Chemist: 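The structure that follows is given in the form of structure tokens.
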Amino acid sequence: NNFTFNNAVNLTITGTMTVSGNLIITATGNINTGTIAVAGNITTTETVIGGSGTIQVNGTGAQILQVNGSGGTGRLTNFSINKTAGTLTINDTIELDSGNASSAWTYTQGTVDASNSTISFRNSGNVSVDSGTMSFNNVIFNAGANFTINGNPNLSKDLVKYLKRR
């Protein structure tokens, strides 16, 4: 079953909400607390999102995280990869930003193809990247307070060589 955010509402999750199909985010307010575990694809065209909730990719087949497949930028709050099988393909520019709260990118396990993507960490709070040995393509750090990077991330293209406040 698919789940679509298409209205600027705040969603509060206690525990984990499981989406067995695709997650589509076109307009939302905040994802407050909890986890949305997605077995299908994730498409986000949202450019303003906040909250402390986490979107987790945990499907066993091929999955795609994208804006719309033809470029553009979409935003998520906290993001987690925990795939026991299949490949997560990341396309387009994905911004991780929860507003003034902390945001996190957490890689636990799984095959990730990020060769057609840019991951932008932008936040006015703290940013935590637990990357394990995940390979990134382009990475941009546009944030405020503090960055914490754990693991041994691999970069196949560019890391923006400066930090700037937005």
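In this text, all values refer to a predicted model and were calculated from it rather than measured experimentally.
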Chemist: Going hydrophobic residue to hydrophobic residue with side-chain gaps under 4.5 angstrom, can you get from Ile24 over to Leu76?
Modeler: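 Hydrophobic grouping puts Ile24 apart from Leu76.
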
Chemist: Just list the side-chain donor-acceptor pairs under 3.5 Å for residues 8-16, sequence neighbours left out, or say none.
Modeler:
| unit_1 | atom_1 | unit_2 | atom_2 | d |
| --- | --- | --- | --- | --- |
| Asn10 | OD1 | Asn30 | N | 2.8 |

Chemist: So, using side chain to side chain donor-acceptor pair (under 3.5 Å) as the criterion, who are the partners of Asn116 when residues are at least two apart?
Modeler: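 Side chain to side chain donor-acceptor pair (under 3.5 Å) list for Asn116, sorted by chain: empty.
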
Chemist: Are Gln66 and Ile42 side-chain neighbours, meaning at least one heavy-atom pair lies under 4.5 Å?
Modeler: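 Result no, sub-4.5 Å side-chain heavy-atom pair not found.
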
Chemist: Report yes if the side chains of Ile94 and Ile119 come closer than 4.5 Å at any heavy-atom pair, otherwise no.
Modeler: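 Touching, per the 4.5 Å side-chain cut-off.
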
Chemist: Which residue, Trp105, Tyr107, Phe121, forms the ring-ring contact (aromatic ring centres under 6.0 Å, His included) with Phe79?
Modeler: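 Single pass found, and it is Trp105.
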
Chemist: State the CG-CG distance between Asn91 and Leu65, to the nearest 0.5 angstrom.
Modeler: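 Between atom CG of Asn91 and atom CG of Leu65 there are 8.0 Å.
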
Chemist: Tell me if a side-chain donor or acceptor on Gln63 pairs with a main-chain N or O of Leu88 at a distance below 3.5 Å.
Modeler: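 Such a contact is absent between Gln63 side chain and Leu88 backbone.
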
Chemist: Is a donor on one side and an acceptor on the other found under 3.5 Å between the side chain of Thr87 and the backbone of Val112?
Modeler: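 Checking the backbone N and O of Val112 against the side chain of Thr87, no donor-acceptor pair under 3.5 Å is found.
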
Chemist: Which heavy atom of Leu23 sits nearest a heavy atom of Val19, and at what distance?
Modeler: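 Residues Leu23 and Val19, closest heavy atoms: N-CG1, 4.5 Å.
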
Chemist: Does Lys83 use its side chain to pair, donor to acceptor, with the backbone of Gly61 at less than 3.5 Å?
Modeler: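 Looks like yes, one N/O pair under 3.5 Å.
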
Chemist: Between Asn78 and Gly53, is there a donor-acceptor pair closer than 3.5 Å when you use the side chain of the first and the backbone of the second?
Modeler: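 Yes, Asn78 side chain to Gly53 backbone: donor-acceptor pair under 3.5 Å.
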
Chemist: With a 4.5 Å cut-off on side-chain heavy atoms, are Asn150 and Thr148 touching?
Modeler: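 Side chain of Thr148 against side chain of Asn150, heavy atoms only: contact under 4.5 Å found.
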
Chemist: Does some side-chain heavy atom of Thr35 sit less than 4.5 Å from a side-chain heavy atom of Ile55?
Modeler: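 Not in contact.
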
Chemist: Less than 4.5 Å apart, any side-chain heavy atom of Leu96 and any of Thr77?
Modeler: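 Counting from C-beta outward, Leu96 and Thr77 never come under 4.5 Å.
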
Chemist: Could you tell me if the side chain of Asp130 sits less than 4.5 Å from the side chain of Ile149, heavy atoms only?
Modeler: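 Ile149 does not reach Asp130 side chain to side chain.
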
Chemist: Let's go through Gln56 and Ile36 carefully: what are the C-alpha distance in whole Å and the side-chain angles of both, what is the deciding distance for side-chain contact (heavy atoms from CB on, under 4.5 Å) to 0.1 Å, and is it a yes or a no?
Modeler: CA-CA 6 Å; Gln56 180 184 72; Ile36 302 173; over 6 Å; no

Chemist: Does Gly21 offer a backbone N or O that forms a donor-acceptor pair with the side chain of Asn2 under 3.5 Å?
Modeler: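 Not confirmed, Asn2 side chain does not pair with Gly21 backbone.
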
Chemist: List the atom of Ala114, the atom of Ser135, and the distance in Å for their closest heavy-atom pair.
Modeler: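 In this case the closest contact between Ala114 and Ser135 is CB-O, 3.7 Å.
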
Chemist: To the closest 0.5 Å, what do you measure between OG1 (Thr108) and CE (Met134)?
Modeler: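 Reported value, rounded in 0.5 Å steps: 11.5 Å.
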
Chemist: Is a donor on one side and an acceptor on the other found under 3.5 Å between the side chain of Ser128 and the backbone of Ala104?
Modeler: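 No; judged by distance alone, with no hydrogens or angles, the pair does not exist.
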
Chemist: Does Thr60 use its side chain to pair, donor to acceptor, with the backbone of Thr84 at less than 3.5 Å?
Modeler: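 No; judged by distance alone, with no hydrogens or angles, the pair does not exist.
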
Chemist: Has the side chain of Asn22 got a donor or acceptor atom that lies under 3.5 Å from a matching backbone atom of Asn41?
Modeler: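 Looks like yes, one N/O pair under 3.5 Å.
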
Chemist: Against Ser117, only a single residue in Val67, Ile90, Asp92 fulfils side chain to side chain contact (heavy atoms under 4.5 Å, CB included); can you say which?
Modeler: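 When Val67, Ile90, Asp92 are each tested with Ser117, the side chain to side chain contact (heavy atoms under 4.5 Å, CB included) holds only for Ile90.
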
Chemist: Not counting sequence neighbours, which residues clear side chain to side chain donor-acceptor pair (under 3.5 Å) with Asn82? List them please.
Modeler: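 Per chain and number, Asn82 pairs via side chain to side chain donor-acceptor pair (under 3.5 Å) with Gln109.
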
Chemist: Please tell me if the side chains of Asn1 and Phe3 come closer than 4.5 Å, counting only heavy atoms from C-beta onward.
Modeler: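 Side chain of Asn1 against side chain of Phe3, heavy atoms only: no contact under 4.5 Å found.
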
